[in-house]
Amino acid sequence: MKATIAKITFWRVVVAAIFASGLYATWSRFFQGLAASTNLSDRVPWGLWVGFSTLCGVGLSAAGFAIAAGVYILGMERYRPVMRAAVLISFLGYMTVVCGMLYELGLPWRLWHPLIFWNHASVLFEVAWCVMLYTTVLTLEFSPALAEKFLWPKARVWFEGVTHRILIGVVLIGILLSSCHQSFLGGLYLMTKDKLYPLWFSSNLPSLFFLSAIPSGLALTVMALFLCVRSLHVRIDMSILEEIGRVILWLLSLFGLARMIDLVIIQGNGSYLFALRPETGWFWMEFALLVIAPVALLSQPLVRGNPLKLYFTCALVVGGFVAYRMNVAITGMQASSGTYYFPKWTEFATTFFTVTAGVVVFREAVLRLNIFPKTPDANDRELPMLLNRMVRPGSA
C-alpha cells in the first residue's frame with residue numbers, strides 16, 4: 001500500500017486528470033455531437049482543433065525531415081545521435097494531427113474518402129494525402145527502433161537490410177511530402193482573402209508557413225532533448241543543441257525579414273501595423289515571441305551555449321509559432337465573421353488529452369527503445385547533474 005501511494009506524484013495526478021477529462025470530452029464529441037462539445041458555428045467552422053491540432057501540430061513536426069535530410073542526404077553524421085528523437089517527435093506530432101482531424105471532421109468515419117474519391121481541385125485533398133503519406137514515411141523511418149526491440153534476431157537482420165536499401169528513397173519522399181504539406185496548409189487560407197485580417201493574409205502564405213515551420217520544429221526538438229538529458233538521464237553532446245540554436249537564429253531571421261517585406265512591400269499592408277485595433281496587439285505579441293526576442297537572445301553566444309537559457313529561448317519560439325498559427329486560424333477571422341469565438345472546455349480537454357498522450361508515449365519510447373546512443377562520451381556523463389544545478393542553483 002505504501003509503495004503504491006509513493007508512486008502517486010503530482011505530475012501523475014495531473015496526467016490522470018487530463019486523461020479523465022479528455023476521455024469524457026471525447027465521449028461528448030462523438031456521442032453528443034459538435035454542437036454539444038464545441039462553440040463552433042456556421043460562421044466559425046474552424047476553431048481550436050484546426051488552429052492548434054492541425055496547423056501547429058504539422059508545423060512543430062518539421063524537424064524530423066530537416067534533421068533526417070541533414071544526416072542521410074547531406075552527410076551530417078554529427079547529428080545522427082539526435083535524429084531518431086527528431087523523427088519520433090515528428091511521428092507523434094502527425095499522430096496528434098490525425099487524432100485532431102477525427103475530432104474536427106463532422107463525419108470522421110469518412111476519413112478514408114480521399115483515398116477513393118479524388119478531388120484534384122481541393123487543397124484539403126492534397127493536405128489529406130500528404131498527412132497519410134508522410135505519416136507512413138515517418139513510420140518507416142522510425143520502424144528500425146521498434147525492430148531492434150521486438151523482432152527475433154534473424155527477422156531483425158532481414159528487416160534492417162530491407163529498410164537500409166530503401167531508406168534514402170524514403171527520406172527523399174519524406175522531404176518532398178513534408179515540404180509540400182507545410183506549404184499546403186498556408187494554401188488553405190488563400191481562399192480567405194476577404195475574410196482573413198490583412199496582417200495575416202498574404203498571397204505568399206504557403207511560403208511563410210514553410211519558413212516558419214522549420215525553425216519552430218527545431219526549437220521543439222531542442223526543448224525535448226534538453227528535458228531528456230535533465231529528467232531521463234539521456235547523455236548527448238550538448239554542443240549539438242548550440243549548433244541547432246545557431247541554425248534557428250538564421251532561419252528565424254530569414255522568416256522575419258520575409259514576413260515584413262511581404263507585409264509592407266508586396267501586400268502593401270504596412271499601415272495595419274499601427275492601427276488601433278486588437279489584431280495589432282496580437283500581431284506584435286506573436287512577432288515579438290517568434291522573431292524579435294528569440295533572434296535577440298540567440299544572437300548571444302552565452303545564450304546558445306547555456307542549455308537552460310537555450311531551452312527557454314526555444315520555448316519562446318514555440319509559443320510565438322503557436323500564436324502565429326492561432327492568429328491565422330482564429331484571431332484574423334473574428335472581425336469578418338461578426339462573432340466572437342472562444343473554445344469550449346471540451347475542446348481544450350481533447351487538445352490537452354492528445355498532446356499529453358504524445359508526451360507520455362515519447363517518454364516511454366525514450367526509456368524503453370534505443371532512441372539515443374548507449375555509449376556517450378566521457379565528457380557528457382555529468383551533464384544531468386550539471387543541468388539540475390542550473391535549474392536549482394542552491395543544490396549541491
Fill in: By salt bridge (Lys or Arg N to Asp or Glu O under 4.0 Å) - contacts of R78 (at least two apart)
D237, E243
Worksheet entry | Whether S336 side chain and M333 backbone form a donor-acceptor pair below 3.5 Å | yes
Worksheet entry | L249 to R304 - nearest heavy-atom pair and separation | CD2-NH1, 4.3 Å
Response to the item:
Between A85 and F362, the two heavy atoms sitting closest are O-CE1, 4.1 Å
Worksheet item: S179 side chain to I175 main-chain N or O, any donor-acceptor pair under 3.5 Å?
Response: yes
Worksheet item: How far apart are the C-alpha atoms of L211 and R259, what are their side-chain angles, what is the distance that settles it, and do they pass the side-chain contact (heavy atoms from CB on, under 4.5 Å) test?
Response: CA-CA 9 Å; L211 290 176; R259 181 92 187 275; over 6 Å; no
Worksheet item: What's the spacing between E126 CD and L188 CG if we round to 0.5 Å?
Response: 9.0 Å
Discussion item. For W345, I'd like to know if atom CH2 has over 12 heavy atoms of other residues, nucleotides or ligands within 6.0 Å.
Written reply: yes
Discussion item. In this structure, is the centre-to-centre distance between the rings of F342 and F348 below 6.0 Å?
Written reply: yes
Item to complete: Kindly say whether A25 contributes a backbone atom to a donor-acceptor pair with the side chain of T346 at under 3.5 angstrom?
Response: no
Worksheet item: How far does CE of M238 sit from CG of L241, to the nearest 0.5 angstrom?
Response: 4.5 Å
Worksheet entry | salt_bridge(R325, E286) N-O dist < 4.0 Å | no
Discussion item. Please enumerate all residues that pass side chain to side chain donor-acceptor pair (under 3.5 Å) together with T135, with sequence neighbours excluded.
Written reply: none
Item to complete: For S212 and F209, indicate whether the former's side chain and the latter's backbone hold a donor-acceptor pair under 3.5 Å.
Response: yes
Item to complete: Report the residue from T354, T350, T38 that forms a side-chain hydrogen bond (donor to acceptor under 3.5 Å, both in side chains) with W49.
Response: T350
Item to complete: Using the side-chain contact (heavy atoms from CB on, under 4.5 Å) rule, take I236 and L225 through it: C-alpha gap first, then chi angles, then the decisive distance, then the call.
Response: CA-CA 9 Å; I236 59 175; L225 294 174; 4.2 Å; yes
Fill in: Candidate pair L205 and L196, rule side-chain contact (heavy atoms from CB on, under 4.5 Å), full reasoning
CA-CA 12 Å; L205 263 180; L196 186 58; 4.2 Å; yes
Discussion item. Run the side-chain contact (heavy atoms from CB on, under 4.5 Å) test on R230 and L308 for me, step by step, so that the C-alpha distance in whole Å, both residues' side-chain angles and the decisive distance to 0.1 Å come before the verdict.
Written reply: CA-CA 10 Å; R230 179 178 176 268; L308 183 61; over 6 Å; no
Practice prompt. Please work out which of the three classes, parallel, tilted or perpendicular, describes the rings of F117 and W112, given edges at 30° and 60°.
Written response: tilted
Discussion item. Counting C-beta onward and ignoring hydrogens, is there a side-chain heavy-atom pair between V171 and I73 closer than 4.5 Å?
Written reply: yes
Worksheet item: Is there a donor-acceptor pair under 3.5 Å between the side chain of S21 and the backbone N or O of I18?
Response: yes
Worksheet item: Between C130 and C180, what is the shortest heavy-atom contact and its length?
Response: SG-CB, 4.3 Å
Worksheet item: What about F201 and Y189, are their ring centers closer than 6.0 Å?
Response: no
Worksheet item: Taking it one step at a time, do Y324 and F287 satisfy ring-ring contact (aromatic ring centres under 6.0 Å, His included)?
Response: CA-CA 8 Å; Y324 173 42; F287 198 73; 9.4 Å; no
Fill in: Exam field: side chain K344 to backbone A36, donor-acceptor pair closer than 3.5 Å
yes
Worksheet entry | Interatomic spacing from CG in N327 to CG in L199 - rounded to 0.5 Å | 9.5 Å
Worksheet entry | Side-chain (E347) to main-chain (N39) donor-acceptor, under 3.5 angstrom | yes
Practice prompt. Keeping the roles fixed (side chain from S41, backbone from V44), state whether a donor-acceptor pair exists under 3.5 Å.
Written response: yes
Fill in: Path from L167 to L176 over hydrophobic side-chain contacts below 4.5 Å
no
Worksheet item: What's the shortest heavy-atom distance between V58 and Q182, and which atoms?
Response: O-NE2, 3.0 Å
Item to complete: Kindly indicate, with the supporting measurements, whether the criterion side-chain hydrogen bond (donor to acceptor under 3.5 Å, both in side chains) is fulfilled by T26 and Y103.
Response: CA-CA 8 Å; T26 300; Y103 287 118; 2.6 Å; yes
Response to the item:
Smallest heavy-atom separation, I67 atom then M83 atom, equals CG2-CA, 3.9 Å
Fill in: Test: E104 and R29 ion pair at under 4.0 Å
no
Practice prompt. Enter the distance from S53:OG to L48:CG here, rounded to the nearest 0.5 Å.
Written response: 6.0 Å
Practice prompt. Give the intermediate values and the outcome of ring-ring contact (aromatic ring centres under 6.0 Å, His included) for residues F52 and F352.
Written response: CA-CA 11 Å; F52 187 86; F352 289 137; 8.0 Å; no
Practice prompt. Run the salt-bridge test on E77 and R80 with the 4.0 Å N-O cut-off and return the result as yes or no.
Written response: yes
Worksheet item: When hydrophobic residues are tied together by side-chain contacts of less than 4.5 Å, even through go-betweens, does W250 share a cluster with M76?
Response: no
Worksheet entry | Working for ring-ring contact (aromatic ring centres under 6.0 Å, His included), residues Y272 and F283 | CA-CA 10 Å; Y272 289 91; F283 171 84; over 10 Å; no
Worksheet item: Is S337 reaching over with its side chain to a backbone N or O of Q334, donor-acceptor style, under 3.5 angstrom?
Response: yes
Worksheet item: Can you tell me how far the CZ atom of F65 sits from the CG atom of L177, to the nearest 0.5 Å?
Response: 11.0 Å
Practice prompt. Verify the distance criterion only: is there a donor paired with an acceptor across the side chains of Q32 and S37 at less than 3.5 Å?
Written response: no
Practice prompt. Drop me the distance from L252's CG to F321's CZ, to the nearest 0.5 angstrom.
Written response: 11.0 Å
Discussion item. Given 3.5 Å as the limit, does a donor-acceptor pair link the side chain of W200 with the main chain of T331, or not?
Written reply: no
Worksheet entry | Neighbour count above 12 (heavy atom, 6.0 Å) for W158 CH2 | no
Worksheet entry | Aromatic ring pairing W118/F125, orientation class (parallel under 30°, perpendicular over 60°, tilted between) | tilted
Worksheet item: Can you name the closest pair of heavy atoms from P294 and A288 and give their distance?
Response: CD-O, 3.5 Å
Practice prompt. Applying ring pair (Phe, Tyr, Trp, His ring centres under 6.0 Å), name anything that partners F312, two or more places apart in sequence or on another chain.
Written response: none
